[in-house]
Amino acid sequence: MNKYLGNKPALALFLLPALLLYSVILIYPVLQTVFRSFYDWDGLSTAAFAGLANYRELFNDPLLGTSLKNGALFALVLAVFQIGLGTILALVCANPRVRGRKLLKTAYFIPVVLSVTVVCQLWIAMYDPTNGLVNKLFDVLGIPYQQNWLVSPTQSIIAIAFVNAWQFMGYQFSLLYAGVKAVPEDYFEAATIDGCGKWRAHWHVTLPLMRETFKFCFTIAITSGIGAFVQMLIMTNGGPGTTNYTLTFMIYRYAFMESNYGYACAVSVLLVMISLVATVVINKVFDRGQHA
Amino acid sequence: MNSKTTTFRSIGSFLLQIPLWLYFIVSVYPLFWMISYSLKNNDEIFVTNPFGFPTHFRFENYVNAWTQFNIPRYFMNSFIVSIISTLCILLLALMFAFAVARMQWRFRSAVRTYMIVGMFMPLQVIMIPLAILVRDFHLTNTYGALIIPYIAIGLPFSTMVFYGFLVSIPREIEEAACIDGASIYRLFGQVILPLALPAIATIAIFQFLNNWNEFTLAYILISDENMKTLPLGLLFFQGSYSTDWGAMGAVMTIASVPMVLVYLLLSEQVERAMTVGSAVKG
Amino acid sequence: MNNQRKGLSALMITLSMTLVLSACGGGNNAASNDRTAANTPAEGGTVKLKVYAQHFDDDTKGPFDYAVAELKKEMPEVEIELDPAVQDGNQKLKTYAATGNMPDIYFTDWATLQTFAKSQNVEVLDNYEATTEYKNSLNPGVESRLIAPDGHVYAYPDTGIEFQVIYYNKTIFDEVGIATPIKTYDELAAAAGKLKAAGYVPMSIFAKEKWITSAFYNGLVTREDAAGFGALDEQGLTELPQAFVSAAEEMEKLQQAGLFDANATNTNYDQASSQFYQGRAGMFVNGQWEIYSSAEKLGDQVDWMYWPAKDEATYEASKYNIAGAGSPQGYAVSPASKNKETAVKVAAFLAAKSAEYKYTQLGSPIVSPKTDKPIASDVPVMMQRIADELLPNAKEYAKLLSNTQIQNAVNDNTQNMLVDGFTAEDFIANLNRTLSKENQ
């Protein structure tokens, strides 16, 4: 068996194409980025070796705190909203007794199909303090919660994260749905026959069996939160001031607005490190759950 | 089960379904909004009628969009680039994930982690090294200038998802294949591949969409008019001071509606594949 | 089985393709080959020049197409290949520079010219004959548009020094009862109160773009220090000068008086101009270039005013301080161009003809080189006022701030000034931090 699954030529054939292409096109630029992060470089002229100067500057940069905080909030909103709602909807839609589930499933995916620009434009209008539907909704519901959503520093990042979370919920939903479908139905039926309620059966049987799905769903949600950028660029342009900055926004600013490419590379290295650590932690957390 | 509890249950489940349909509206509304948007002018979009149905259909936005640039050409380019890169991503990622998730060799987990690193690097910072690579490979202004980077960029995500699916398939499958004397290629092609169909279909939709909507790389790497993809068409409506949002809406509608249709068709397949998949597994 | 074989052969193709790709990865000589192949003079003496210039709407197409048509008459041997640029913060141009794929001639701004000067991606034009001619043809006061702070010439400008003014809707002002001209900040704040009470947005501003909040602040600063932001570009200056401090305090007061809409920092140009042109806003702040569309949309209901100041005396004294600085920009030439000599001539020619179009066809007196042809016949009244009242009396233009870090800090913090709860003290503290870092 081990010999069968350790077939060397087959292994090479399966691994090498992806590895080669990936290494040349992505990892090589990544390595260059790491290398350049030790230089004082504008992206074009001859670079001057600067040792750890970029990193030292980075840890004193007031933008770093803002960006880390915003990244964390963004990731949190994505994880809670997308995976929470996505899981519930996936479980419901997998239930053959729910009427119109095919239509529902298709509908939930629609925002994903639209371009980010369209969705952001829609939500800019929704969040408008005077004409926006969000404030009107609170008004109609009688909740005195009129906000200038995209202006206030803490609220705006959550409001923007929500837009991203909402648009790509369908993404996570379809992954989770595929995960639910991959759990053999008799497991679930056995649990319900044993007297478990429907949701308890899901909690004790379906969800634990979806561990691998949750692993990558969380990885996607958390790391795309940490690296978020486009929504801020379109919706508030990082502002007011720099209140909506994230790590990627910093990179964009230093690389393109200030021609401080070496420094932008240092920020990128930090971003990759944080994302990697997050991935490892997520994996550890889910693996520990397995043994417990 | 007596009839009273059944009625009670069905009312209950009907009430439970209300949130599902509310969320349905929240999900479908943007499509309606985008189409309305594409039939309005700037004043209507921003000031007079941001949310409602257009009071006056401004089809001239479509005429405008159509005459500004060669939409069929851009459309075809987008299609070629997206379809080729998606197919390559699927094949390469599935093979890679199979080798990592099912085959037995040292350094598996190291290689798996290695494959993820690229997913975190923001495009903005690798853009210039990437542009230099594209030049060195003589790919500038060819489909390859987009296809090759799109494949590479699509790989980390796709392999991660495929890995998650493949790793949860029971071990007995290989044992059976081994006992049957099937080669490892047959195991991959005739056993694993059908089992992974739901994941393949899901990833296919994701990657196709990503590549279809990709703007930044296409903008930086393509300057030849004949090679441009659809998202670049949006640039035609940004003036020095003012932007023609309605016409941009028209381009976005032209770009999205086919995607919605493709999704409707594919999701049917996904559903069928999933039913088959779980039947085999169960 | 058949399917499987097909799959495998496709796989082999991909595999060999990646091998080929990685094999030529180290070949840097490919790049230099590309460069020489780019623009070889074709037979028959034609010179092909690649031009990267803005060309995406009527405002940018008109002048460029005119200039190219004129070039055909003047230098028929030159063939222009246009690579249309869009507003992308010069990302694409920088990628061209990084990949050694520079166009022969390109249009760009001072921030990019600075980087390109350091990396030798822009030809220094000081000693070209075309430069001497261009210098002689300049309109008075616009030297800073051509000659960079370091004394070199990098690009040929077409437009003159642009500046910002405040537009106002005369009908709304009459209706609400605001006396013009508004001369002091107190009057402006009072006007804001009246407009707001009557349900108007007092001043629409597209503050989603940070440069306009900066420009507004610069308008206030230049009332007391004519140099404007240029004064910040000074070694050893680590604290915000008095004129800047009081301008920040005044801006905070105006914001508190409700001059700007609560959602101003999320308002783009189309929204802000729409508010003004739909008669929902009393005032609008933008560059002098807005005169054309505002005259078109609002006719004689609209006019521009001078920037108010802290008191009437200051207002009168600083009336003709122009709230705009001349930064070098325009058509530049790549030193890698195979036909550099021709390219320099063509760059100067394109700039001059583009200016000529703006002067003779659009009636804009804000151009760098003089034109011997008459100005367009239908100049809007507001532009006529600029030509008659402002330009001849122009005392001083603001000075250029070349340091992008300081400029970005000013942009960020002036935008913040429009948000409730952000105070002038915050503003001053943040800028002092940047100044002490950059000007040490």
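Throughout, a chain's letter reflects where its sequence line sits, starting with A, and its residues are numbered from 1. These values consider heavy atoms only, across backbone and side chains, with no hydrogens, waters or symmetry-generated copies.
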J.: Under 3.5 Å, is there a donor-acceptor pair between the side chain of C/Lys208 and the main chain of A/Asn237?
T.: no
J.: Counting distance only, does the side-chain N/O of C/Gln415 pair as donor-acceptor with the main-chain N or O of A/Gly241 below 3.5 Å?
T.: yes
J.: Given that the side chain runs from C-beta out, which part of A/Tyr252 has a heavy atom under 4.5 Å from chain C: side chain, backbone, both or neither?
T.: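 Looking at A/Tyr252, just its side chain touches chain C.
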J.: With only heavy atoms counted, which part of C/Asn121 is less than 4.5 Å from chain A, the side chain, the backbone, both or neither?
T.: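 The answer is the side chain of C/Asn121.
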J.: About how many Å separate OG of A/Ser259 and NZ of C/Lys94, when rounded to the nearest 0.5 Å?
T.: 3.5 Å
J.: Can you measure from CG (C/Asn416) to OG1 (A/Thr242) and round to the nearest 0.5 angstrom?
T.: 6.5 Å
J.: Mark yes or no for whether A/Asn148, through its side chain, and C/Ala262, through its backbone, hold a donor-acceptor pair below 3.5 Å.
T.: yes
J.: Rounded to the nearest 0.5 Å, how far apart are CZ of A/Phe256 and OG1 of C/Thr112?
T.: 11.5 Å
J.: Check whether A/Ile124 gets within reach of chain C through its side chain, its backbone, both or neither, counting any heavy atom under 4.5 Å.
T.: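 Side chain of A/Ile124 only, per the 4.5 Å heavy-atom cut-off to chain C.
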J.: Check C/Val419 against A/Pro240 and note the closest heavy-atom contact, atom names and distance.
T.: CG2-CB, 3.4 Å
J.: Would you indicate whether C/Glu239, at its atom CD, is surrounded by more than 12 heavy atoms from other residues, nucleotides or ligands within a distance under 6.0 Å?
T.: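 No, because the 6.0 Å sphere around CD of C/Glu239 holds 12 heavy atoms or fewer from other groups.
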J.: When you compare the side chain of C/Lys118 with that of A/Asp42, does any pair of heavy atoms fall below 4.5 Å?
T.: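 With C-beta onward as the side chain, the pair touches.
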J.: Do other residues, nucleotides or ligands put more than 12 heavy atoms under 6.0 Å from C/Gln120 CD?
T.: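 Count not over threshold, so no.
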J.: OG1 of C/Thr115 to CG of A/Leu44: how many Å apart, nearest 0.5 Å?
T.: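 It is 7.0 Å, given to the nearest 0.5 Å.
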J.: With a 4.5 Å cut-off on side-chain heavy atoms, are C/Thr265 and A/Thr236 touching?
T.: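 The answer is no, as the side chains (C-beta and beyond) never meet within the 4.5 Å cut-off.
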J.: Quick check: are there more than 12 heavy atoms from other residues, nucleotides or ligands sitting under 6.0 Å from NZ of A/Lys69?
T.: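 Above 12, so yes.
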J.: Side chains of C/Lys437 and A/Glu57: closer than 4.5 Å at any heavy-atom pair?
T.: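 Heavy-atom side-chain distance check passes, below 4.5 Å.
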J.: Assess whether side-chain contact (heavy atoms from CB on, under 4.5 Å) is satisfied between A/Met257 and C/Asn408, documenting all intermediate values.
T.: CA-CA 8 Å; A/Met257 288 159 69; C/Asn408 283 339; 4.1 Å; yes
J.: Do you know the tightest heavy-atom contact between C/Arg433 and A/Pro62?
T.: NH1-CG, 3.5 Å
J.: Could you check whether any side-chain heavy atom of C/Asn263 comes within less than 4.5 Å of a side-chain heavy atom of A/Val151, counting everything from C-beta outward?
T.: yes
J.: Which answer fits C/Ala409, side chain, backbone, both or neither, if we ask what part of it has an atom under 4.5 Å from a heavy atom of chain A?
T.: backbone
